[in-house]
Number of protein chains: 2
Amino acid sequence: MRTAYHQQLDDLAVSIAELCGSAGQAMERATQALLQADLVLAEQTITDYDGMVQRAKKTEEQAMTLLALQAPVAGDLRAVLSALKNIADIDRMSALALHVAKLTRRRHPDETLPEEVNGYFTEMGRIAVDMSSTVKEVVLSRDEHRAAQLADDDDDMDNIHRHLFTLLMDREWKHGVAAAVDVTLLGRYYERFADHAVEIGRRVIYQATGEPV
Amino acid sequence: MRTAYHQQLDDLAVSIAELCGSAGQAMERATQALLQADLVLAEQTITDYDGMVQRAKKTEEQAMTLLALQAPVAGDLRAVLSALKNIADIDRMSALALHVAKLTRRRHPDETLPEEVNGYFTEMGRIAVDMSSTVKEVVLSRDEHRAAQLADDDDDMDNIHRHLFTLLMDREWKHGVAAAVDVTLLGRYYERFADHAVEIGRRVIYQATGEPV
């Protein structure tokens, strides 16, 4: 038998999965805007952000209503508080996609990236979007094995990020300081995006196994 | 008459204020380590971080116990959830101080910063530490006017941060790309530190006035 509490918790998971889908979509668009110096797509990502914040707030209210009406304890309480933390992480992921879009807009009509690093950001964007999909999936399925994969994806992200820094620090870097500053910031945005996805994955594993990762 | 709930909420505020003091101290030490290429101080900041994380976890447990035992609703529930968010922000502030210390250690025995930008980081460090003190104070006093000051401090931080970027983007920058990358990351760490302090201030104002900022 499903209790009202479990039904509400499932509904909350659905809302969080939707938010996560939007964060992934925002990062996908922002990355495409960045790689193609596409102002329309950058503007769209920037405009969509406010809606995301509103929906995140509503989802937070949903979790708070659950807490107020059901007054869960022990594991149930932890589940709702995990959900609240997940919302905060997804909120931040959207903000990082926003930062990518804003930097793209600021440099338009110029390309933000020297062509030499396009491949790195194509790959970081791909991993970020994949991680969003995995997060979306595991907040619903609570599949801890699938959630554990996020740590591997994050390793891939960190590897590319490290290579990118090696390239920047190389004496052969010939695109100047301004481009290096942009690449540094953008690299950090993608890396942090992945970190937030990992945090959500950790909570799924903790909920499923009772073991902190 | 003080209820058990209010006593526990006060105790929680005291724990959060202490965490905040530690985050401020971490940023103070990390900044000094950065400016003086002081390896011992950098190592100390790095070592202290684990203890901070443990204490943040304990404080989080304190908030969760309060939720489980008192099952607060409405404004009281919001107060505890605000406290949980404040803990997450302070956790992040400590992590940013850690990043400053780690970058300092990585560059040692070299100076991380070109002398030209030392003044900027002295000032950003001072503002960050001041903001931590203000946060520590307002989570206890719940003084919304004092909390509103954090937004002004953040404006000062953003101004310095902007000037720093102007300097980096200038053709006259003569310290090379590697130093520019470090300065970009460090500038971002201080700016984000201030953002987290502002978030806590906003919650204090919201708790005091019922008006979101």
Side-chain angles (χ1 to χ4, degrees), chain A residues 53 57 60-61 63-82 84-85 87-89 91-92 95-96 99 103 106-107 161 164-189 191-192 195-196 199 212, chain B residues 53 57 60-61 63-85 87-89 91-92 95-96 99 103 106-107 164-189 191-192 195-196 199 212:
Chain A
V53 172
K57 261 190 197 137
E60 206 182 281
E61 290 296 325
M64 285 178 59
T65 305
L66 207 165
L67 281 179
L69 295 184
Q70 306 286 349
V73 293
D76 289 345
L77 175 60
R78 277 176 206 276
V80 183
L81 295 180
S82 275
L84 277 167
K85 286 185 181 177
I87 297 167
D89 278 308
D91 216 7
R92 199 64 213 138
L96 291 162
H99 288 345
L103 193 51
R106 203 173 308 141
R107 298 292 170 254
H161 194 228
L164 192 63
F165 268 78
T166 312
L167 200 70
L168 284 170
M169 292 302 191
D170 198 304
R171 283 169 193 283
E172 303 292 305
W173 178 263
K174 49 185 179 294
H175 312 286
V177 169
V181 167
D182 283 349
V183 168
T184 301
L185 286 176
L186 288 165
R188 176 127 184 107
Y189 298 152
E191 187 231 337
R192 289 293 302 151
D195 288 343
H196 288 287
E199 284 300 314
Chain B
V53 172
K57 262 192 197 133
E60 207 182 281
E61 289 298 324
M64 286 178 59
T65 305
L66 206 167
L67 281 179
L69 296 184
Q70 306 287 347
V73 293
D76 289 345
L77 175 59
R78 277 177 205 276
V80 183
L81 294 180
S82 276
L84 277 167
K85 288 184 180 177
I87 296 167
D89 278 308
D91 217 6
R92 203 59 215 141
L96 291 162
H99 289 344
L103 194 52
R106 203 173 308 140
R107 297 294 170 251
L164 192 63
F165 268 77
T166 312
L167 201 69
L168 284 170
M169 294 299 190
D170 197 303
R171 284 170 192 281
E172 303 293 305
W173 177 263
K174 51 184 180 292
H175 312 286
V177 169
V181 168
D182 283 348
V183 167
T184 301
L185 286 176
L186 287 165
R188 177 126 182 109
Y189 298 152
E191 188 231 337
R192 289 293 302 150
D195 288 343
H196 288 288
E199 283 301 314

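Below, chain A is the first sequence line, B the second, and so on; all start at residue 1.
- Between chain A and the options B/R92, B/K85, B/E60, the largest number of non-hydrogen pairs under 4.5 Å is found for B/R92.
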Does the pair A/M169 and B/D182 meet the rule for a side-chain contact (heavy atoms from CB on, under 4.5 Å), with working shown? CA-CA 10 Å; A/M169 292 302 191; B/D182 283 348; 3.9 Å; yes
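- When all heavy atoms are compared, the tightest approach of B/V177 to A/A180 is CG1-CB, 3.5 Å.
- The shortest side-chain heavy-atom distance between A/L84 and B/L81 falls under the 4.5 Å cut-off.
- Among the residues in residues 69-77 of chain A, those with a non-hydrogen atom closer than 4.5 angstrom to a non-hydrogen atom of chain B are A/A71, A/V73, A/L77.
- Side-chain contact between A/W173 and B/V181 is absent, with no heavy-atom pair separated by less than 4.5 Å.
- Within the 4.5 angstrom heavy-atom criterion, no atom of B/R171 approaches chain A.
- Between the CZ atom of A/R192 and the CZ atom of B/R192 there is a distance of 8.0 Å, given to the nearest 0.5 Å.
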